Colleague: 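Before anything else, here's the structure in question.
For reference, positions follow the sequence shown, starting with 1. Because the structure is a prediction, the values reported are computed rather than measured.
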Amino acid sequence: MSRFTRQGDPVTPPNRNRGLQSNQSSPYRGSPKSNAETTSSPENRHLLGIDPMDIDDGDFVSGVPVSGTASAATTLASTSKPLPDLLHLPDELKLMVIGNLEPQSKTTFNLALTVRELKWMAMRQHWSIIGTKNESALTRLRAENITTQQNYVGLIQDLTIRTDLPVDFSQCRFNSLQKLVVRAPDESAFDLDLSTFLGPSLTDINLKLNLNRQGPCIINFLPVMNRSPSLKSIQFGLPFHNTHPHHLLEALESCPRLETVRIHSQSEDLIDEHVWRYLATNHTLRNFLWTGLVDVSFLDIALENIPHGQVLFSNVTHLYLTITSDAAAKLFPHLQNLTSLALVIRDHGDILESVARLNNLNNLHIEYDLDTDLTVALLAPLRHMNLTRFVLRQDNRFTLDGSAIPLSALPNLFGSHATMERLEFAWQGSLYFDDNAQDVLWALGRVYPKVNWCSLTAASLPSNLGPSNAHPAYPPMWPSLRRLDLWEMIEPDYADD
């Protein structure tokens, strides 16, 4: 959408904070205070989210802001080079210039504090993102009245907060908010009510995973998630108070544009068989992650009355599953459209036989969630898959023993030679990793002509691949290789380190 305004339109960035544009108390219609009152006094400067003592001395003359009619070269006195007269540019160009300023930079602060005509343009740019660099701005609003709080929080488009946020914004509306990120400290007695932050512009909610967080810290906001029908992505990794899967199901039904649903460990109880079934038959979904276990008893309910030939997750491009072998045999015939799969394996069955039947799969990530002895026969089903990326990783809580896999087997172990572009694998027990990873590179480089990125386990860096000459050493061993990652394997007993 164009960033330009029509001739005669008010000078406000388009498509931002529409709710405030019609409000007579909106800062975009001019402040009732004088320029000196609104910009020079410490009581008001702190609303910019910066301590007045942090402002460059060059921005003020004897403590008084530079006149709003001065040129930009005079106004931005702290800059070393003369600038064009910003005030005399057309309004649409002013918006473009200010719109490209870093929201949390001192330049934006200075501009907002020195030129009344540009104050709210710069103020809007500064308040558009509130995160770790300027999170104190919200705290400083605590002493302001509701009208002032609304004027400022109504500008925020991207917000990162902690669950122990000390300010009550329950009477405010975050009408411009598009992205909300919530972090939780390991311990806090404060519970956060996110319903305050739900609004018509919100597209992304991310409750950051914290496995050290034990007790619930998120008040159940799912019953009012219909306030944000434009949501496209939800990522829940924090424990909720008093929730039930039917709350999430109703919330999902009220957000028809959702493309990404990622429910991690501490929120995984939000999904049951009925929620999973709804997501599996949703044609809008593009990315789905759930860390809960999918087994046969779970699928017996989730797939009830679904025809054998019906395609599930029909438009999903990235799917993350924790699943048993028997459940995979039952589910995977429904996943023929799938192109990218991350698989956490919970048993020693023949799950890779089922994986090999996913004809459209080109990206496969495997992680074993139990001690496992790898063999050539176990990995053999992958041999004829047309993968472009293959990842085999070990959880440090468990042992992945590959001592039974000889070096000579590596060239024919990971999928089609003609399609592979990125290859990552790691296990323990193979002496060729301990002696010299260069032998592995030679073995793989001869048969994978398109691989440009390789990650593998190595006890030590090969002598001819030191940091200074690593890239020149690739061509003779592996002509297509552009990046090489060598990982030191951590023994399970030392996982805490």
Side-chain angles (χ1 to χ4, degrees), residues 16-17 19 127-132 135 138 153-165 167-170 172-185 188 190-211 213 216-272 275-276 278-279 282 284-292 316 318 320:
R16 297 182 182 177
N17 204 32
W127 277 84
S128 64
I129 299 178
I130 299 296
T132 54
E135 59 186 1
L138 289 178
V153 303
L155 306 178
I156 302 174
Q157 299 176 34
D158 189 326
L159 175 63
T160 298
I161 55 175
R162 289 163 53 98
T163 55
D164 52 357
L165 181 70
V167 186
D168 180 13
F169 289 113
S170 60
C172 296
R173 294 293 177 263
F174 289 71
N175 293 324
S176 297
L177 189 61
Q178 298 174 17
K179 181 178 180 180
L180 175 64
V181 178
V182 179
R183 299 179 182 276
S188 173
F190 190 85
D191 298 321
L192 184 63
D193 184 1
L194 293 183
S195 61
T196 299
F197 304 94
L198 300 181
S201 301
L202 191 63
T203 62
D204 191 325
I205 300 177
N206 187 351
L207 310 184
K208 285 287 189 178
L209 177 67
N210 181 0
L211 293 176
R213 178 73 196 198
C217 57
I218 302 295
I219 296 175
N220 184 11
F221 64 92
L222 298 177
V224 293
M225 211 164 82
N226 57 3
R227 296 178 186 174
S228 301
S230 298
L231 271 172
K232 291 186 177 181
S233 174
I234 59 172
Q235 302 183 63
F236 296 164
L238 294 174
F240 283 68
H241 281 280
N242 303 319
T243 53
H244 187 275
H246 79 263
H247 293 144
L248 179 60
L249 180 58
E250 293 173 356
L252 294 173
E253 291 173 341
S254 69
C255 300
R257 301 181 184 179
L258 270 175
E259 297 179 357
T260 297
V261 175
R262 300 172 67 87
I263 310 296
H264 293 272
S265 307
Q266 298 199 53
S267 299
E268 66 183 31
D269 291 343
L270 289 173
I271 289 186
D272 65 2
V275 177
W276 193 93
Y278 171 82
L279 292 168
N282 187 304
T284 306
L285 197 64
R286 299 290 184 272
N287 187 324
F288 178 52
L289 176 150
W290 180 51
T291 55
V316 169
H318 300 285
Y320 180 104

Colleague: Once side-chain contact (heavy atoms from CB on, under 4.5 Å) is applied, do any residues pair with Ser233, and if so which ones, sequence neighbours excluded?
Modeller: Asp204, Gln235, Thr260
Colleague: Take atom CZ of Arg183 as the centre, draw a 6.0 Å sphere, and report whether it contains more than 12 heavy atoms from other residues, nucleotides or ligands.
Modeller: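 Incorrect, the count does not exceed 12.
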Colleague: Can you measure from OG (Ser267) to CD1 (Ile218) and round to the nearest 0.5 angstrom?
Modeller: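 Result: 8.5 Å between the selected atoms.
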Colleague: Please report the interatomic distance CG(Leu249) to OG(Ser254), rounded to the nearest 0.5 Å.
Modeller: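 Output value for this atom pair is 10.0 Å.
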Colleague: In Å and rounded to the nearest 0.5 Å, what is the NE2 to CG distance from His241 to Asp191?
Modeller: 3.0 Å
Colleague: Assess the residue pair Leu202 and Leu231 against the criterion (side chain to side chain contact (heavy atoms under 4.5 Å, CB included)); give the C-alpha distance rounded to whole Å, side-chain angles, the decisive distance to 0.1 Å, and a yes or no.
Modeller: CA-CA 6 Å; Leu202 191 63; Leu231 271 172; 4.1 Å; yes
Colleague: Do Pro223 and Glu250 come within less than 4.5 Å of each other through their side chains, counting heavy atoms only?
Modeller: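 The answer is no, as the side chains (C-beta and beyond) never meet within the 4.5 Å cut-off.
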Colleague: Hey, what do you get for CD1 (Ile234) to OG1 (Thr203), rounding to the nearest 0.5 Å?
Modeller: 12.5 Å
Colleague: Are Phe236 and Thr243 side-chain neighbours, meaning at least one heavy-atom pair lies under 4.5 Å?
Modeller: no
Colleague: Could you pull out the closest heavy-atom pair between Leu192 and Arg162, with the gap in Å?
Modeller: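 Leu192 and Arg162 have their closest heavy atoms at CD2-O, 4.1 Å.
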Colleague: Within a strict 4.5 Å, meaning less than it, do heavy atoms of the Thr291 and Tyr320 side chains meet?
Modeller: yes
Colleague: Hey, does Leu180 have a side-chain heavy atom less than 4.5 Å from the side chain of Ile161?
Modeller: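 They are in contact (side-chain heavy atoms under 4.5 Å apart), so the answer is yes.
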Colleague: Keeping Asn210 on the side-chain end and Ala184 on the backbone end, is there a donor-acceptor pair under 3.5 Å?
Modeller: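 Judged by distance alone, yes, a pair lies under 3.5 Å.
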Colleague: Between Gly199 and Ser228, what is the shortest heavy-atom contact and its length?
Modeller: O-OG, 2.9 Å
Colleague: Could you tell me whether the side chain of Asp193 and the main chain of Ile219 form a donor-acceptor pair under 3.5 Å?
Modeller: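 Here the side-chain-to-backbone pair does not exist.
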Colleague: Measure across Cys217 and Thr163 and return the closest heavy-atom pair with its distance rounded to 0.1 Å.
Modeller: SG-CG2, 4.1 Å
Colleague: Who passes side-chain hydrogen bond (donor to acceptor under 3.5 Å, both in side chains) against Asn287, sequence neighbours left out?
Modeller: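 Scan of Asn287 (side-chain hydrogen bond (donor to acceptor under 3.5 Å, both in side chains), adjacent residues dropped) gives Arg262.
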Colleague: Would you call the rings of Phe174 and Phe197 parallel, tilted or perpendicular, taking 30° and 60° as the class edges?
Modeller: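 Ring orientation, 0 to 90° scale: tilted.
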Colleague: Would you check if Leu207 and Phe240 make a side-chain contact, meaning some heavy-atom pair closer than 4.5 Å?
Modeller: yes
Colleague: Could you give the distance from CG (Asp168) to OG1 (Thr196), rounded to the nearest 0.5 Å?
Modeller: 7.0 Å
Colleague: Can you name the residues that form a side-chain contact (heavy atoms from CB on, under 4.5 Å) with Asn282, not counting sequence neighbours?
Modeller: Tyr278, Thr284, Leu285
Colleague: Carefully, step by step, assess Val275 and Trp290 under the rule side chain to side chain contact (heavy atoms under 4.5 Å, CB included).
Modeller: CA-CA 11 Å; Val275 177; Trp290 180 51; over 6 Å; no
Colleague: Under the criterion side chain to side chain contact (heavy atoms under 4.5 Å, CB included), I'd like the reasoning laid out for Leu252 against Leu279: C-alpha separation, chi angles, the key distance, then a yes or no.
Modeller: CA-CA 9 Å; Leu252 294 173; Leu279 292 168; 3.9 Å; yes
Colleague: When the ring planes of His244 and His246 are compared, do they come out parallel, tilted or perpendicular, using 30° and 60° as the limits?
Modeller: tilted
Colleague: Does the side chain of Val181 reach to within under 4.5 Å of the side chain of Lys208, using non-hydrogen atoms?
Modeller: yes
Colleague: Evaluate the side-chain proximity of Ser201 to Gln157: yes if any heavy-atom separation is below 4.5 Å, no if none is.
Modeller: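 Side chain of Gln157 against side chain of Ser201, heavy atoms only: no contact under 4.5 Å found.
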Colleague: If I compare all heavy atoms of Arg173 with all of Val153, which pair ends up nearest, and what's the gap?
Modeller: O-CG2, 4.2 Å
Colleague: Which distance, rounded to the nearest 0.5 Å, do you find between the CD1 of Ile263 and the CG of Asp269?
Modeller: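 Those atoms lie 11.0 Å apart.
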